Amino acid sequence: METYLEAEGLTKYFDGVAAVEDVSFVIRRKEIFGLLGPNGAGKTTTIRMLSTVLAPDAGDVCVGGHSVIREGDEVRKRIGICPQELALYPELSAVDNLVFFGRMAGLSGHEAKARARAVLVGVGLEARGSEVVKKYSGGMQRRVNIGIALMNRPELLFLDEPTVGIDPQSRNHIFETVLALRAEGTTVLYTTHYMEEADRLCDRIGVMDRGRIVAVGTPAELKRQVGDPDRTTLEEVFLHLTGRSLRD
Amino acid sequence: MVRSFHLARFELRRYLAHRSDLAFGIALPVVLFSLMVVALGSDAKFRGVMHVADLDGGSLANQVLERVENADGVTVRRYTQDELADALERTAVSTGFVIPPGFSASVESGAPASIVVKSRGSGGDEGRFVTGIVQGALRAAASEIELRRVAGVLAGDPANDARLDEAVRQALAGARTRPPVTVVTESMRLREASQLDRLLAGIVVMFLLFSGTLGARALIEERRTGTLERLMTTRLSAGELFAGKLLAGIGRVVLQSFVLLGLAFAVLGTAGPVVFLQCLVLAIVVAAAVTSIGLVIAAVARTEEQAAFSAVVLTMFMSVFGGTFLPTSGTGWLDVLARFTLNKYATDAFVGLFGEAATLADQSAELVILGAVAILGLAAARMMFRVSSSAV
């Protein structure tokens, strides 16, 4: 399979402390790549570097053939970000949020409105798109959060814990949306603390701990490192790789 | 740059959607203005008053004053010379008229004479209006005088039509080349306005500063919620983001200025649309300055609380020491402190425009200083601006 993203020796220090150190991995085109790790493992910092928000202190990332350091604008054309927090404007409607971020992504006014309508259908909010977001349930807000990331038809979609704090129906809808996006050709980087979610969705998984990648493989390959893949859960693999001590 | 304008438009929509911001930025000053007007009183209606010191007291002077008093919308208020000078000095009067001693006798003897108009700046709309009425009254009086003189010349030979025509022609030609009565304007550039002028200007500037600097809190909130970071993963460049935020800040403050100045003008009553437009232009410069200060706060503060605290402390410091509530003395350490506040220059400029009937050109020094604050503040904020506040 063709490589779409290649991170090589990514390193980032904050106040002299390494948040991410010498991280290298690849994501193949049209795959769902899970990035797992305990709190503070460096997942979000890694995503920030992959998405051009943070400049790495060392290393580089190539996205669709473009360096995040030298060709940031080319990279930003190709990516969509759904951050862990609800990064939207709750006092405005879902349509307003989608159109605004669409315009910022380079769509014309007409294109942004048309795309917003399509995205609202995709995230199951076509009937309530004109309502202000703060009146939505948590699950609906999460779906708008994802919808914003889809406005520019990204080739690579970053989903940072998109299912935190929502009901099973909304979670299931998000799963279906992600699988549909992959079927359409979108590459996805997915982070989550729910191991069964990663097991169900991800084609391959990278496990991070203390700023480093400690394992990469398919769920079955990772389980095989610990025991019988049919009997071992991904959570057992995770605890085996990252330890049982509590993290800050 | 198109994205910057779109971002600015979007920001303004968000501002209008925030009821608490609107209440603070617009409703609160409206209430405050109302209280001030009740407390201090004001001339809310347009009144054309001829403030005059009649040092002549002759028949022609009386005739002119009577004609003015009979004109619609104008009343005559008489002063002694010292009283009028004092009223002009205190800015209780923006335009005063002095009829010099010997005025009537001089005109009646055929010698030219003048009424002196003393005005603060252009004298304002009221001053110009009343001056026009006085000039009309003088012209009418002068015509009568000329006719009386002609009649006097012809009194001994009333049947001679040829002499009558010649006398009228000569009299009118003489009146055209050497008018028997004229109005001489003396413009006074005084630097003191009424207490209400200064208070209104000061309150306007204080609220603009509050809005501009508290805008920093909204920016930090965006940083906290992640929308700022999300914007930076779109095609929007950092420069466009910054320009959009600046434009939005200016737009917000100008919108607020429009309401506050409208209110101030309604209270003051005498200023016209030209002065209002000049004040709006000044408000744009002030908006740029206060927005840039807000962006500096956003660049330096790490939390919304820090930003709000900085905004309130800075605004109150500048309002107190910048002459919002009391004019700075011009000497001493308080005046030195005032020079480090944006309010001093902004308030002085606003007072100059609607309190002293000056023009924008008269306020060029203040405009240059406010513009410099805007440019330097923006440069500093741009250098220190961070998209992300955390290292996670």
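Bear in mind the structure is a predicted one, so any value in this text is a computation, not a measurement. Every chain is numbered from 1 and lettered A, B, ... according to where its sequence line falls, protein lines coming before strand lines.
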With the threshold set at 4.0 Å, does a side-chain nitrogen-carboxylate oxygen contact exist between A:R48 and B:E229?
yes
Report, as yes or no, whether the 6.0 Å neighbourhood of atom CZ on A:R78 holds more than 12 heavy atoms from other residues, nucleotides or ligands.
yes
Relative to chain A, which of B:H6, B:R235, B:E222 shows the most heavy atom pairs under 4.5 Å?
B:R235
Give, as side chain, backbone, both or neither, the part of B:E240 having an atom under 4.5 angstrom from any heavy atom of chain A.
neither
Choice from A:K12, A:E91, A:E85 maximising heavy atom contacts with chain B below 4.5 Å:
A:E91
With a 4.5 angstrom heavy-atom cut-off, which part of A:I148 approaches chain B: side chain, backbone, both or neither?
both
Give, for atom OG1 of B:T234 and atom CD1 of A:I79, the distance between the pair rounded to the nearest 0.5 Å.
9.5 Å
Is the number of heavy atoms from other residues, nucleotides or ligands within 6.0 Å of CZ (A:F25) greater than 12?
yes
Tell me, please, which residues at least two apart from A:T52 pass side chain to side chain contact (heavy atoms under 4.5 Å, CB included).
A:V68, A:V75, A:R76
I need the contact set between residues 95-110 of chain A and chain B: heavy-atom distance under 4.5 Å, sorted by residue number.
A:D96, A:F100, A:F101, A:R103, A:M104, A:A105, A:G106
Which portion of A:I81 sits near chain B, non-hydrogen atoms under 4.5 angstrom:
both
Exceeds 12 heavy-atom contacts within 6.0 angstrom, atom CZ of A:R153:
no
Minimum heavy-atom distance between A:V53 and B:T233, given as atom pair plus value
CG2-CG2, 3.3 Å
Should we say atom CZ of B:F317 is surrounded by more than 12 heavy atoms from elsewhere, each under 6.0 Å from it?
yes
For residues 112-120 of chain A, dump all side-chain donor-acceptor pairs below 3.5 Å to protein atoms at least two apart in sequence or in another chain.
{"unit_1": "A:R115", "atom_1": "NE", "unit_2": "A:L150", "atom_2": "O", "d": "3.3"}
{"unit_1": "A:R115", "atom_1": "NE", "unit_2": "A:M151", "atom_2": "O", "d": "3.3"}
{"unit_1": "A:R115", "atom_1": "NH2", "unit_2": "A:L150", "atom_2": "O", "d": "2.8"}

Return each pair, listed once, that meets side chain to side chain donor-acceptor pair (under 3.5 Å) where at least one residue sits in residues 131-141 of chain A; pairs must be two or more places apart or across chains.
A:R128-A:E131
Distance-minimising heavy-atom pair for B:R230 and A:P83:
CZ-CD, 3.6 Å
How about A:Y194: does its OH atom have over 12 heavy atoms from other parts shown lying under 6.0 Å from it?
yes
